[in-house]
Amino acid sequence: MKLYISDGNPHCIKVLAALELTGGTCDTEVVSHEEKVVPHFTRPVSPALLLPDGQHLFSPNSICQYLFDISGQKATDATNQWLEWEATNLQPAVLQSLHMVALQGKHVEAAAVMKEPLNWLEQSLSKKNTPFLTAEAVSVADVVLWAALFPLLSDSGFDAGELRSVRGWFQQVGGLEACQTAARRVLQGKGVEALKTFLQKHPATQTQRRDSPTNATEAEDGEHVMTVEEIEEAAQIWSEGLKASPAVTERKHPVLPQEGKRNVLLTSALPYVNNVPHLGNIIGCVLSADVFARYGRLRGWNLLFICGTDEYGTATENKAREEGLTPQEICDKYHAVHADIYQWFQIDFDFFGRTTTERQTEIAQDIFWRLHERGFLLEDTVEQLRCESCQRFLADRFVEGECPHCRYPEARGDQCDKCGRLINAVELRNPQCKVCKETPVIRSSKHLFLNLPKLEDELEQWLDKSTGSGDWTANARHITHSWLRDGLKPRCITRDLRWGTPVPHEDYKEKVFYVWFDAPIGYLSITANYTDQWEKWWKNPQQVELYNFMAKDNVPFHSVVFPCSLLGAQDNYTLVNHLIATEYLNYEDTKFSKSRGVGVFGDMAKDTGIPSDVWRFYLLYLRPEGQDSAFSWSDMALKNNSELLNNLGNFINRAGMFVSKFFDGCVPEMLLNEDDKRLIAQVRWELKQYIQLLDKVRIRDALKCILNISRHGNQYIQVNEPWKKIKGGDGDRQRAGTVTGLSVNVACLLSVVLEPYMPSVSYTIRHQLQAPPTCVSAMLQNTGTFICTLPAGHSIGTVSPLFQKLENEQIEVLRKRFGGQQTRVETKPSAGAALNASVNVNADPERAKQLTALVAEQVRTHTLTLYTMYCWLLLQISPSDLTLLLCCRDTYVK
């Protein structure tokens, strides 16, 4: 093994301490802050641990955990929970405080940022009967938390307060020689001064629950500190209770714009009908849009959410040929598949339509003629790629080759996914037909083009207004501006295909519209199939706000091509005000692939036995908002077991059970003291942050606010111990009642804010608490109001657990099931097969079992790919053992 560290990097303290403490043998190399040691990473990262199998660990906590694991000190649920808390709660606050102390000299402000996590740690430690966090002996959790806190707590100018339990624990862990050596090596006796270079190269981020305040001053000042006035105001408003408040009205169709209301038209990018959507497709479009639609309805907006299947084009023709069906039959079949998947995921469309309709033809042809009459179309003869083997011109997405700009080897015929540049298919180097892999030839054909240069000035004026006043994600802005930077070029809108919307021009009657001219018009035609008053939505920019949800590869067609079509039509069309684009979601360490059996697709998720709400939660938790993210089975289990089961579910269940067990199912009287009022103020603040974030479509960040509310609740219960006080005198029993009543009211609020994310769980909580229907609209009005919705005397229903633990065995089965194992097909004998044939079939079965167990352990521990596993085998075992393993794999390798 080899450990890469950098001087003055606070994250290196923990890994050096863990290495010394566990007695691991490892080469250590000091690298600069700019040096890249992890292959394929575009940014430097340290510390990093190079494993014997050639893989890298680059998360400091993962490195520490690995070192403890190989020393025989396996992780427990308790240590995992502490590591999760350190990464999500403590570490963001520590880094923000280090910036304040080392770079700004703001010791008082830094102490304010650290107050909440340190108080929480103090309360947790004060209730423990062991000298360390989880046991009598030091664990990985102790090392990680101690190392995170060391630069601050060892600084003489940083006043953290009394914190007796924290100080005692900190001194005990810091007394270990391994910890002292690690701190000396990284800080070199200079204290926080040694961290300046590192901190200057790594800008501060706000603590997780504050990472997107709407007020710039708050962003600079860091953690919000409650004032006495805020606490008293929050308590006063809470005590006023549920006043007369209108319930969320039941939807009546058709939903149409209304005077005096906020009218929101919300679209999700139309999925290709012939593709079964995978998890990345679902989070990138329909699920994100569904969360925002549900939230908007709860806020009282007049909102219409539409989507549907994109059904025209070469892809559908090829799929039909593969399955021996007509294109229309393929569309009918897979439209139903999509509808079933989205229904299971609880996507609450107002209407889910399709593009193969008469209204699509009418509206698309009307826009075409309006563009033609106004001189926004050009005619030109173009060279196209034609596959002689398939006897057809190749649609852009059915030709692949090397990008002429960046040399990316898998660029499509219309766009390069790596550099984002537009491409003409004939510009590709070494093109291949994606259907038959043959090299296509160039042929000429006459086509019509949308004259984008003629519309460029008008487009830019509109973009300045829309991006200036609307919520456009950073990637949407960047991609759009990159298109405009190089100047727009005419864009072909016709194709030599049969399956599509026909071009209504005599000279082009054998052609159809290109899918990216035609498909976005599907939003209009789908709405027209929902209501014949569709123009009230789509030709009403004065009254309607339009939100588009999509993945980043769809941005240019929604921000440039489609708006130009509507601007050129000059028919008062509603154009996008808010363009919300995600990055990509990958699967483990690779891409989703239906053909290779890699990844979870929509039609498979319901067969895993995991409820759709849990799928929704995890996908939204890792929603790729600022950068690509990756689905991981082990992480899904961790988030389910820590965030849902131990945090959210534990708090809500305990609050309800205390009411049922100690107070006969009736909410007790609540007499608030200062601690109660502070909790109310904290919860109110989180609710306001939740609303501010969701108003800006920061879906993932708003979810963290929900989890913070339940963490506050769990901490409140742990500190006040109502299960003990209920056994005491009148004063204690009164205190137990207040804690229980306030907790169950926090649980009711959680049911409200969870509704956009986990609708079934939200309903279950409200049903168990028998919450009044008006609680939803009352608490989500304006900027957010936390009020007492379950007053003293309110009767609750039967309380039961909300979540189940995902066991390791269950996760391993699912990981293998979706990891790409394919049914073997007959092929010509390979070299490996020839080797198998020459091996003695009477080889030692016990040795084969040992070898396969060894391989399985490596796969389980390191999540090896097939290739890296094979490399590991070559390095670790003898040729004779490798031959034996290959021979017996069908018998022993499952």
Side-chain angles (χ1 to χ4, degrees), residues 245-270 285-286 288-308 347-355 357 359-360 362-364 366-367 370 462-463 465-472 519-550 558-559 562-563 565-567 569-580 691 694-697 755-756 776-777 780-782:
S245 178
V248 176
T249 55
E250 199 170 314
R251 264 178 290 169
K252 295 180 180 179
H253 295 287
V255 179
L256 296 173
Q258 298 177 24
E259 287 286 345
K261 300 275 281 186
R262 184 180 181 185
N263 298 299
V264 174
L265 176 57
L266 194 154
T267 71
S268 170
L270 307 182
C285 299
V286 295
S288 296
D290 181 65
V291 171
F292 192 68
R294 289 176 177 273
Y295 169 73
R297 293 178 188 128
L298 293 178
R299 294 272 279 154
W301 304 343
N302 185 48
L303 184 144
L304 178 67
F305 178 22
I306 60 119
C307 186
I347 310 299
D348 192 13
F349 303 115
D350 287 296
F351 187 70
F352 183 71
R354 52 201 307 186
T355 58
T357 66
R359 299 312 300 269
Q360 174 75 12
E362 292 170 11
I363 297 172
D366 176 66
I367 291 174
R370 294 184 70 88
W462 165 74
L463 278 171
K465 180 180 178 182
S466 182
T467 58
S469 60
D471 292 315
W472 286 53
I521 297 172
Y523 297 135
L524 282 63
S525 71
I526 289 169
T527 311
N529 280 297
Y530 166 68
T531 172
D532 58 6
Q533 300 178 70
W534 65 276
E535 292 182 348
K536 290 184 177 180
W537 285 108
W538 284 104
K539 295 184 180 182
N540 190 5
Q542 296 78 22
Q543 276 193 314
V544 173
E545 283 182 76
L546 174 58
Y547 283 80
N548 289 162
F549 282 77
M550 69 203 67
H558 287 79
S559 65
F562 186 44
S565 298
L566 298 183
L567 287 169
Q570 297 176 358
D571 202 15
N572 196 40
Y573 276 109
T574 302
L575 301 180
V576 61
N577 303 96
H578 314 276
L579 204 157
I580 314 301
I691 288 175
L694 273 183
D695 277 353
K696 295 293 183 181
V697 207
E755 203 281 338
V776 176
S777 57
L780 289 184
Q781 64 185 350
N782 301 321

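Any value given below was found using the heavy atoms of this structure, including those in side chains, with hydrogens, waters and symmetry copies removed. Values in this document were obtained by computation on a predicted structure and should not be read as measured data. Positions are given from 1, in the same order as the sequence printed here.
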Residue pair Leu270, Ile526: steps toward the side-chain contact (heavy atoms from CB on, under 4.5 Å) verdict: CA-CA 10 Å; Leu270 307 182; Ile526 289 169; 4.0 Å; yes
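- Closest non-hydrogen pair, Asn302 versus Leu256, comes out as ND2-O, 2.7 Å.
- For the side chain to side chain contact (heavy atoms under 4.5 Å, CB included) criterion with Leu575, the lone passing option out of Val544, Leu546, Leu567, Leu463 is Leu567.
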Verdict with supporting geometry, Tyr523 and Trp537, ring pair (Phe, Tyr, Trp, His ring centres under 6.0 Å): CA-CA 11 Å; Tyr523 297 135; Trp537 285 108; over 10 Å; no
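- Here the shortest heavy-atom pairing between Asn577 and Glu545 reads OD1-CA, 3.3 Å.
- Interatomic distance, CD1 of Ile306 versus CG of Leu265, reported as 6.0 Å (0.5 Å rounding).
- Shown here are the side chain to side chain donor-acceptor pair (under 3.5 Å) partners of Thr527, two or more places apart in sequence or in another chain: Trp538.
- Nearest heavy atoms, Arg297 versus Asp348: NH2-O, 3.1 Å.
- Of the possible polar contacts, none joining the Asn548 side chain to the Thr267 backbone as a donor-acceptor pair under 3.5 Å is found.
- The side chain to side chain contact (heavy atoms under 4.5 Å, CB included) test applied to Cys285 returns Ser268, Ala269, not counting sequence neighbours.
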Apply side-chain contact (heavy atoms from CB on, under 4.5 Å) to residues Glu755 and Val776 and explain how you reach the verdict. CA-CA 9 Å; Glu755 203 281 338; Val776 176; over 6 Å; no
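- No more than 12 heavy atoms of other residues, nucleotides or ligands shown are found within 6.0 angstrom of NZ on Lys465.
- No side-chain donor-acceptor contact under 3.5 Å links Asp366 to the backbone of Glu362.
- Contact detail for Phe349 and Arg251: the closest heavy-atom pair is O-NH1, 4.3 Å.
- Rounding to the nearest 0.5 Å places NZ of Lys261 at 13.0 Å from CD of Gln543.
- Between the CG atom of Leu298 and the OG atom of Ser777 there is a distance of 9.0 Å, given to the nearest 0.5 Å.
- The environment of CD in Glu259 is sparse: at most 12 heavy-atom neighbours from other residues, nucleotides or ligands sit within 6.0 Å.
- For the residue pair Asn540 and Thr574, no side-chain donor N or O sits within less than 3.5 Å of a side-chain acceptor on the partner.
- Contact detail for Thr357 and Arg354: the closest heavy-atom pair is CG2-O, 3.6 Å.
- Rounded to the nearest 0.5 angstrom, Leu304 CG and Trp534 CH2 are separated by 13.5 Å.
- In this structure, CZ in Phe305 is found 6.5 Å from CD1 in Ile347, a value given to the nearest 0.5 Å.
- Using the six-membered ring where Trp is involved, Tyr295 and Phe292 have ring planes that are tilted, between 30° and 60° apart.
- Looking only at side-chain heavy atoms (C-beta outward), Met550 and Leu579 come within less than 4.5 Å of each other.
- For His253 and Tyr530, the ring centers sit closer than 6.0 Å to each other.
- Nearest heavy atoms, Leu780 versus Arg299: O-NH1, 2.7 Å.
- In this structure, the separation between CD1 on Ile580 and CZ on Phe549 is 5.5 Å, given to the nearest 0.5 Å.
- Checking side-chain atoms of Ser466 against main-chain N and O of Val576 turns up a donor-acceptor pair under 3.5 Å.
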